[in-house]
There are 2 protein chains.
Amino acid sequence: MAEVPTDVLERFAWYAREMSALTVMFHSRVAEQMGVSATDEKCLDLAMRADGPLTAGRIAELSGLSTGAVTGVIDRLERAGYVRRVRDPHDRRKVLVEVTPQNSEKFAHLFEGAMETVERVLSQFTPEERDLLERYNKLTIDVFRERMFTPD
Amino acid sequence: MAEVPTDVLERFAWYAREMSALTVMFHSRVAEQMGVSATDEKCLDLAMRADGPLTAGRIAELSGLSTGAVTGVIDRLERAGYVRRVRDPHDRRKVLVEVTPQNSEKFAHLFEGAMETVERVLSQFTPEERDLLERYNKLTIDVFRERMFTPD
DNA sequence: ACGCCGTTTCTTAGTCGCTAAGATGTTGAA
DNA sequence: TTCAACATCTTAGCGACTAAGAAACGGCGT
């Protein structure tokens with residue numbers, strides 16, 4: 001467990017902040033191109049990254065919105081053709097939000113640019129170096145996620 | 001310029017997406033703890049990351065908001081004590097938004113947690129490995145920024 | 001110096017999305 | 001069956017955003 005010099009730490013903090021700002025900008029850009037609000041895109045992203053379909057209530061929890069707001073979000077996403085409401089056959093109170101296949105296509109198209117960005121960066125590294133970068137990414141996500149989801 | 005195998009590319013795309021979602025979540029968490037909206041925090045971040053003080057109009061451009069909306073943003077940030085309005089002495093039409101020193105303190109406090117996260121990750125790598133990670137971060141920011149700020 | 005137009009910020013009216021609280025429909029257990 | 005808990009939707013009220021115009025200022029030409 002190596003000590004980290006202050007100047008190195010500060011530079012990495014700056015990278016994080018810069019990436020953070022670019023990411024937020026990127027999200028609103030994507031939302032704009034998809035013709036939905038940033039909030040709607042955020043919820044759609046949640047629904048797409050989940051293993052199975054999410055319920056409306058779960059989306060409310062994960063996004064931090066009220067259930068009433070989520071009703072509106074799903075309304076708009078459904079009208080735009082990105083998702084579909086399906087009543088849970090086992091518990092008909094619940095509404096499952098299913099991402100429609102067409103959306104995957106549209107979405108993939110929009111993200112091709114991002115994919116190319118990733119490729120442009122990775123092409124500058126050898127396979128051995130990429131292994132290290134992969135370890136770095138995984139670790140960052142784990143530590144970051146832990147900090148986000150544990151009570152202070 | 002090494003070729004990047006598809007499976008590697010896909011894994012890195014997944015990391016990017018996960019980081020992206022965590023980042024957006026992190027931003028709204030920070031905003032909440034600062035007692036301002038996500039929009040306001042985004043503008044404050046812009047003002048803090050700039051070299052000199054920004055004008056209201058420049059914040060509108062950078063944030064994508066209308067000038068009217070920015071007036072409201074600055075009103076709220078000023079009332080909360082994070083920034084101060086200063087008329088540009090050279091062009092008294094302009095309003096310079098100055099980040100107040102107290103804010104730096106509050107901000108630093110909130111970001112100590114993030115700093116610790118960065119440190120926890122970096123401590124797992126040797127100085128030589130960190131050099132590589134630094135190259136990766138810089139390159140990612142450059143390529144990402146180029147994609148964001150060039151017309152399609 | 002004066003008038004005039006472009007620029008910068010602020011104001012106002014209208015719209016939209018969010019929260020909070022209650023209504024509606026559903027479940028599971030007594 | 002009846003009732004309490006639950007999941008989603010509906011509604012009222014509020015706050016923030018956009019668009020358009022007002023107010024203040026700068027700088028040019030005459």
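A quick note: this is a predicted structure, and the numbers were derived from the prediction, not measured.
- Using a cutoff of 4.0 Å between basic side-chain nitrogens and carboxylate oxygens, A/Arg135 and A/Asp131 are not scored as salt-bridged.
- Rounded to whole Å, atom C1' of D/dT8 lies 17 Å from atom CZ of A/Arg58.
- D/dC17 atom P lies 12 Å from atom CD1 of B/Ile74, rounded to whole Å.
- A side-chain donor from one of B/Glu134 and A/Tyr15 sits under 3.5 Å from a side-chain acceptor of the other.
- D/dA23 atom C1' lies 18 Å from atom NZ of B/Lys94, rounded to whole Å.
- Heavy atoms only, all atoms of each residue included: A/Phe144 and B/Met19 are closest at CD1-CE, 3.7 Å.
- B/Asp75 places its CG atom 15 Å from the P atom of D/dG15, with the value rounded to the nearest Å.
- With rounding to whole Å, A/Leu96 atom CG is found 11 Å from D/dC9 atom P.
- Taking the charged nitrogens against the carboxylate oxygens, B/Lys138 and B/Asp142 have no contact shorter than 4.0 Å, which rules out a salt bridge.
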Can you give one letter per nucleotide of nucleotides 18-30 of chain C, going 5' to 3': B for a protein heavy atom under 4.0 Å from the base, S for sugar-phosphate only, - for none?
SB-----BBS---

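- The interatomic distance linking B/Glu78 (CD) with C/dT9 (C1') rounds to 13 Å, in whole Å.
- Ion pairing between A/Arg79 and A/Asp75 fails under the 4.0 Å rule for side-chain N and carboxylate O.
- The shortest heavy-atom contact between A/Cys43 and A/Ser63 is SG-CB, 4.1 Å.
- A/Glu32 places its CD atom 14 Å from the C1' atom of D/dT18, with the value rounded to the nearest Å.
- Look at A/Arg85 and you won't find any side-chain N or O under 4.0 angstrom from OP1 or OP2 of D/dT8.
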